[in-house]
Amino acid sequence: MPEGPEIRRAADRLVAAVVGKTLTGVWFAFPELKSYEATLMGEKVERIVTRGKALLTWFSNDVVMYSHNQLYGVWRVGKQPPDTRRELRVRLDTADNAVSLYSASDITMLTPEQLATHPFLQRIGPDVLDESLTVDEVRERLLSARFCRRQLGTLLLDQGFLAGLGNYLRVEILWASALAPTRRAADLSETELAMLSRMLLEIPRLSYQTRGSEDDENRHHGALFRFHVFHLDGKPCERCSHPIVKSLVASRPFYACPHCQQ
DNA sequence: CTTTAAACCTGCTGGC
DNA sequence: TGCCAGCAGGTTTAAA
């Protein structure tokens with residue numbers, strides 16, 4: 001159940017566990033990846049990075065593993081026995097540790113050339129967790145001809161606009177910005193535009209830093225990051241106390257305060 | 001060009 | 001208890 005912040009935190013755990021180490025065991029579930037078990041055995045894990053919700057693992061022989069967790073993929077760290085409730089898809093062992101990817105269906109091995117022309121990676125916009133991305137750049141992107149006419153509710157799910165946003169982030173960003181999902185960047189006031197641009201970066205970064213969506217304690221008890229509307233239909237809005245309403249926007253669950261998100 | 005709908009994917013929940 | 005439909009924090013494709 002991953003959006004950009006969850007994937008980035010998974011990558012952080014993988015880096016600490018296996019980067020710089022030599023592979024002593026390699027296992028893939030998909031038949032088309034089986035040959036890479038021999039290819040990668042004895043190689044080093046060079047680096048692991050995220051691009052939006054995609055995770056890239058570089059090996060010392062220039063092979064790159066692309067993995068996307070979609071809704072259900074999950075990374076586990078440690079030499080534990082396999083979780084029998086989920087399907088093991090990838091397992092990488094080092095002398096002292098191991099990482100396992102469960103349930104993910106989108107796993108491919110790439111050459112550096114294939115990486116450069118990857119259909120998904122080539123198309124996605126700037127990563128909201130990229131520290132060099134500024135609020136001003138986001139504001140300009142919102143106002144660009146390509147995006148300024150799109151409804152915000154669908155735009156914020158489009159990885160071509162900004163990579164790493166997902167359903168809980170779009171819901172929380174639009175509530176924090178007090179905007180209805182039918183609004184368009186071209187029609188926003190300067191004040192609304194400034195707030196939205198800021199929240200598009202601030203909320204994902206706060207979630208990344210505070211384990212937002214993975215930690216129920218944080219989420220519901222006043223820690224740095226918690227949901228204000230996501231999964232909170234029927235509860236009073238914190239700004240105006242009108243009830244939060246659940247609906248569908250772009251065929252995905254949406255939560256908002258119809259009173260203060262106009 | 002923009003939006004919507006359906007399909008694909010896997011695991012979990014709730015209702016009968 | 002068991003099974004199935006529907007749902008979910010995602011993406012792609014086709015169609016409207």
Side-chain angles (χ1 to χ4, degrees), chain A residues 1-11 29-30 32 50-55 66-76 82-90 100-108 118-125 127-129 142 144-176 180-187 200 203-208 210-216 218-220 225-233 244 246-256:
Chain A
M1 343 132 174
E3 297 183 23
E6 288 70 36
I7 298 295
R8 176 68 72 86
R9 279 196 300 273
F30 297 146
E32 63 270 25
T50 59
R51 295 193 193 170
K53 299 164 194 165
L55 189 146
Y66 169 96
S67 57
H68 195 299
N69 283 10
Q70 252 190 342
L71 284 174
Y72 30 78
V74 53
W75 283 99
R76 300 266 163 79
D83 178 349
T84 53
R85 309 193 66 180
R86 293 171 163 271
E87 281 207 67
L88 182 60
R89 293 289 162 78
V90 179
S100 306
L101 176 56
Y102 288 92
S103 302
S105 58
D106 193 2
I107 305 164
T108 52
H118 190 281
F120 180 71
L121 296 176
Q122 208 172 22
R123 198 179 64 246
I124 61 176
D127 189 329
V128 288
L129 296 183
L142 275 167
S144 70
R146 183 176 163 199
F147 299 117
C148 71
R149 290 273 148 216
R150 305 267 306 273
Q151 292 190 19
L152 296 176
T154 55
L155 180 66
L156 268 52
L157 286 179
D158 183 350
Q159 303 299 294
F161 171 55
L162 291 172
L165 300 181
N167 203 32
Y168 88 72
L169 286 170
R170 78 159 172 167
V171 161
E172 292 297 324
I173 287 166
L174 289 177
W175 181 84
T182 50
R183 301 290 299 280
R184 293 164 159 86
D187 304 324
L200 279 166
I203 290 178
R205 290 170 182 184
L206 192 62
S207 177
Y208 169 60
T210 60
R211 309 194 41 200
S213 78
E214 288 171 335
D215 188 332
D216 282 342
N218 271 357
R219 190 192 304 172
H220 295 301
F225 182 92
R226 65 196 168 77
F227 292 147
H228 293 87
V229 279
F230 190 69
H231 286 173
L232 293 174
D233 42 314
I244 302 302
K246 181 179 182 180
S247 61
L248 283 180
V249 173
S251 306
R252 307 288 305 282
F254 191 81
Y255 303 82

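Note on naming: letters A, B, ... go to the chains in the order of the sequence lines (proteins, then strands), and numbering restarts at 1 for each one. Values below: every heavy atom of this structure, side chains too, minus hydrogens, waters and symmetry copies.
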Separation between the [atom1] atoms of [N] and [M], rounded to whole Å:
N	M	atom1	answer
B:dC9	C:dC3	P	23 Å
C:dG6	B:dA6	C1'	15 Å
C:dT1	B:dG11	P	23 Å

If you check every side-chain atom of [X], which of [options] has the closest atom?
X	options	result
A:Arg150	B:dT2, C:dG9, B:dA5	B:dT2
A:Lys53	B:dG11, C:dT11, B:dT4	C:dT11
A:Phe120	C:dT11, B:dT10, C:dG9	C:dT11
A:Arg85	C:dG10, B:dC12, B:dC9	B:dC12
A:Tyr72	B:dT4, C:dT11, B:dC9	B:dC9

Protein-nucleotide distance ([X], atom [atom1]; [N], atom [atom2]), rounded to Å:
X	N	atom1	atom2	value
A:Leu165	C:dG10	CG	C1'	13 Å
A:Phe161	C:dG10	CZ	P	16 Å
A:Arg183	B:dT3	CZ	P	15 Å
A:Leu157	C:dG9	CG	P	10 Å
A:Leu248	C:dG10	CG	P	14 Å
A:Tyr102	B:dC12	OH	C1'	18 Å
A:Leu155	B:dT2	CG	P	10 Å
A:Asp158	C:dG9	CG	P	18 Å

Would a distance-only check, ignoring hydrogens and angles, find a side-chain to backbone donor-acceptor pair under 3.5 Å from [X] to [Y]?
X	Y	result
A:Arg170	A:Pro181	no
A:Gln159	A:Gly125	no
A:Tyr208	A:Arg8	no

> Looking only at N and O atoms, is any donor in the side chain of A:Glu3 or the base of C:dG9 less than 3.5 Å from an acceptor on the other one?
Replying inline: no
Between [X] and [N], is there a contact of a side-chain N or O with OP1 or OP2 at under 4.0 Å?
X	N	result
A:Lys246	C:dC7	no
A:Ser105	B:dT10	no
A:Arg123	C:dT12	yes
A:Gln159	C:dT11	yes
A:His68	C:dG10	no
A:His231	C:dA8	no
A:Arg149	B:dC1	no
A:Arg184	B:dT3	yes
A:Ser103	B:dG11	yes

> Can you tell me the Watson-Crick or wobble partner of C:dA15, both distances under 3.5 angstrom?
Replying inline: B:dT3
>> Which nucleotide, if any, forms a Watson-Crick or G-U wobble pair with B:dC9, using both distances under 3.5 Å?
In response: none
>> So if I apply the ring-ring contact (aromatic ring centres under 6.0 Å, His included) rule between A:Phe230 and each of A:Phe254, A:Trp175, A:Tyr255, which one comes out positive?
In response: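 When ring-ring contact (aromatic ring centres under 6.0 Å, His included) is applied between A:Phe230 and each of A:Phe254, A:Trp175, A:Tyr255, only A:Tyr255 qualifies.
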>> Go through it in stages, so that I can follow the logic: the residues are A:Val249 and A:Thr182, the test is side-chain contact (heavy atoms from CB on, under 4.5 Å), and I'd like the CA-CA distance, side-chain angles, deciding distance and then a yes or no.
In response: CA-CA 9 Å; A:Val249 173; A:Thr182 50; over 6 Å; no
> Just checking A:Arg170: base, sugar-phosphate only, or nothing, at a heavy-atom cut-off of under 4.0 Å?
Replying inline: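 If one applies the 4.0 Å heavy-atom cut-off, A:Arg170 turns out to touch nothing in the nucleic acid.
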> Considering only heavy atoms from C-beta outward, does the side chain of A:His231 approach that of A:Pro253 to under 4.5 Å?
Replying inline: no
> Between A:Ser251 and A:Ala145, which is nearer to the 5' end of DNA chain B once each is assigned its nearest nucleotide?
Replying inline: A:Ala145
>> Ignoring hydrogens, what is the shortest heavy-atom contact between A:Glu6 and A:Tyr168? Give both atom names and the distance.
In response: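 Smallest heavy-atom distance, with atoms named: OE2-OH, 2.8 Å.
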